[in-house]
Protein chains: 2
Amino acid sequence: MPTANRIVTAALALFYRNGFHASGVDLLSAEAGVTKRTLYKYFPSKDDLIESALLLRHEQFIGRVKQHVLAVEAEARPLAYLDFIGDWVAETEFCGCAFINAAAEFAAREQVPHRLADQHKEEIKALLLGLCSAAGAREPAPVADALFLLGEGLIVTSQVQGCSEALVSNAKQAGRLLWDAAL
Amino acid sequence: MPTANRIVTAALALFYRNGFHASGVDLLSAEAGVTKRTLYKYFPSKDDLIESALLLRHEQFIGRVKQHVLAVEAEARPLAYLDFIGDWVAETEFCGCAFINAAAEFAAREQVPHRLADQHKEEIKALLLGLCSAAGAREPAPVADALFLLGEGLIVTSQVQGCSEALVSNAKQAGRLLWDAAL
DNA sequence: ACCTTTGTACACCGATCGGTATACTTACGC
DNA sequence: GCGTAAGTATACCGATCGGTGTACAAAGGT
């Protein structure tokens with residue numbers, strides 16, 4: 001694995017687990033198994049590393065969710081999105097959504113991490129809208145938004161309180177009810 | 001206003017606007033109009049100040065939501081919760097939920113701010129469950145969870161992407177549909 | 001009148017922050 | 001075999017971090 005990728009991968013993991021401000025460059029380089037000097041050869045500042053880590057996360061995440069929803073027939077894809085979120089929040093390494101965390105730590109909308117979070121969520125919403133439309137919703141936008149919001153709620157609640165099977169199940173049930181009403 | 005209250009109020013505002021790690025003690029004391037020395041007379045450490053600020057926030061927030069939902073008849077209270085969230089996220093000073101932000105910055109569950117966030121959300125969920133029960137839901141728990149998740153989704157999405165009228169409206173519509181189905 | 005409390009002003013502490021300089025090793029291409 | 005690029009090791013930079021020591025001004029209670 002090329003050095004730059006090793007660095008950004010390790011950085012993403014540490015940022016995700018530890019937070020952005022709380023992860024110092026010394027720790028980042030140690031975690032990547034490289035010298036601070038090497039890290040700065042590839043990423044001219046910590047801000048650049050944060051940006052690269054979030055871009056990597058975006059690609060990874062979008063890939064995972066697409067792979068999951070495209071594995072089922074078109075009519076089931078909107079609800080498969082909630083299934084995906086439900087599986088994700090149950091993972092032991094789950095630490096919330098990296099982009100929500102970024103928006104929380106970089107509160108100003110103009111800050112790069114916050115803007116990346118905005119774009120990431122926009123892409124997820126667009127994907128979900130397409131799925132709802134293709135699955136035959138009469139009005140795709142309202143149900144796509146509703147499913148998205150249930151997913152976001154599941155993400156942050158699992159982050160704050162830990163994953164609860166009952167909550168995941170209730171979220172899916174609500175999603176099913178909303179989806180059936182949207183056909 | 002007593003000095004300690006001035007400090008914790010200013011601290012809460014700054015933490016909420018700026019984040020916890022990003023708000024230094026020098027800035028905190030300046031914002032409170034008080035010397036760093038005075039700040040440390042009332043709060044032996046920054047961690048203590050964070051804890052006090054979050055406790056204040058909890059009291060304020062629970063008070064506001066109760067006041068809002070109790071202003072309408074019992075049958076309308078579950079949906080009035082979503083109305084409250086919808087109004088809140090549209091405020092210009094809105095910076096997300098202070099407790100979700102705290103859980104994001106203090107990722108480990110054992111950290112005090114994260115634990116306070118857990119307790120805060122638990123209290124909100126209990127309140128909502130009571131409202132759903134009193135309003136005549138056949139099974140209060142699933143619909144209470146669903147309304148809660150829609151609210152949490154609305155909070156984080158408005159934080160990341162800014163408040164959108166369409167999104168708020170879609171959240172309320174989904175809530176109405178879920179609530180009608182729960183009677 | 002006096003003493004205690006409350007707060008100010010400000011210099012200071014060690015540690016850590018993001019980031020850099022210098023000198024050295026290693027490996028690979030031509 | 002030699003030059004160049006990649007990476008290491010380590011010491012260092014100024015700034016800021018959370019937190020403290022000290023000396024002094026005001027104000028209130030008795």
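Order of the sequence lines sets the chain letters (A, B, ...), proteins ahead of strands, with each chain counted from 1.
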Ring-face cation contact, A:Tyr16 with A:Arg57, 6.0 Å cut, 45° max: yes

Flag for B:Gln119-B:His58: side-chain donor and acceptor within less than 3.5 Å: no

Between C:dG18 (P) and A:Leu27 (CG): distance, integer Å: 10 Å

Below 4.0 Å: OP1/OP2 of D:dG7 and any side-chain N or O of A:Thr3: yes

B:Ile7 CD1 to C:dT8 C1', straight-line distance once rounded to whole Å: 13 Å

Nearest heavy atoms of A:Cys163 and A:Val168, plus distance in Å: SG-CG2, 3.9 Å

Interatomic distance, B:Asp26 CG vs D:dG19 P [rounded to whole Å]: 11 Å

Geometric class of the A:Phe99/A:His120 ring pair [parallel <30°, tilted 30-60°, perpendicular >60°]: parallel

Given C:dT8, C:dG18, D:dG19, the nucleotide with the shortest approach to the side chain of B:Lys46: D:dG19

A:Thr35 side-chain N/O to D:dT10 phosphate OP1/OP2 under 4.0 Å: no

Residues B:Arg17, B:Glu31: salt bridge by 4.0 Å N-O rule: yes

Nearest-Å distance for atom pair CZ/C1', residues A:Arg6 and D:dG7: 10 Å

Between C1' of C:dT6 and CZ of B:Phe43, the distance in whole Å: 15 Å

First encountered from the 5' end of DNA chain C, between A:Phe20 and B:Tyr42: B:Tyr42

Donor-acceptor pair (no angle test) under 3.5 Å: A:Arg37 side chain, D:dA9 base: no

base_contact_polar (D:dG19 base, B:Lys36 side chain, donor-acceptor, <3.5 Å): yes

d(NZ, A:Lys41; P, C:dG19) in whole Å: 17 Å

For atom NE2 of B:His21 and atom P of D:dC17, their distance in whole Å: 13 Å

Atom-to-atom span, OH of A:Tyr40 to P of C:dT22 - whole angstrom: 18 Å

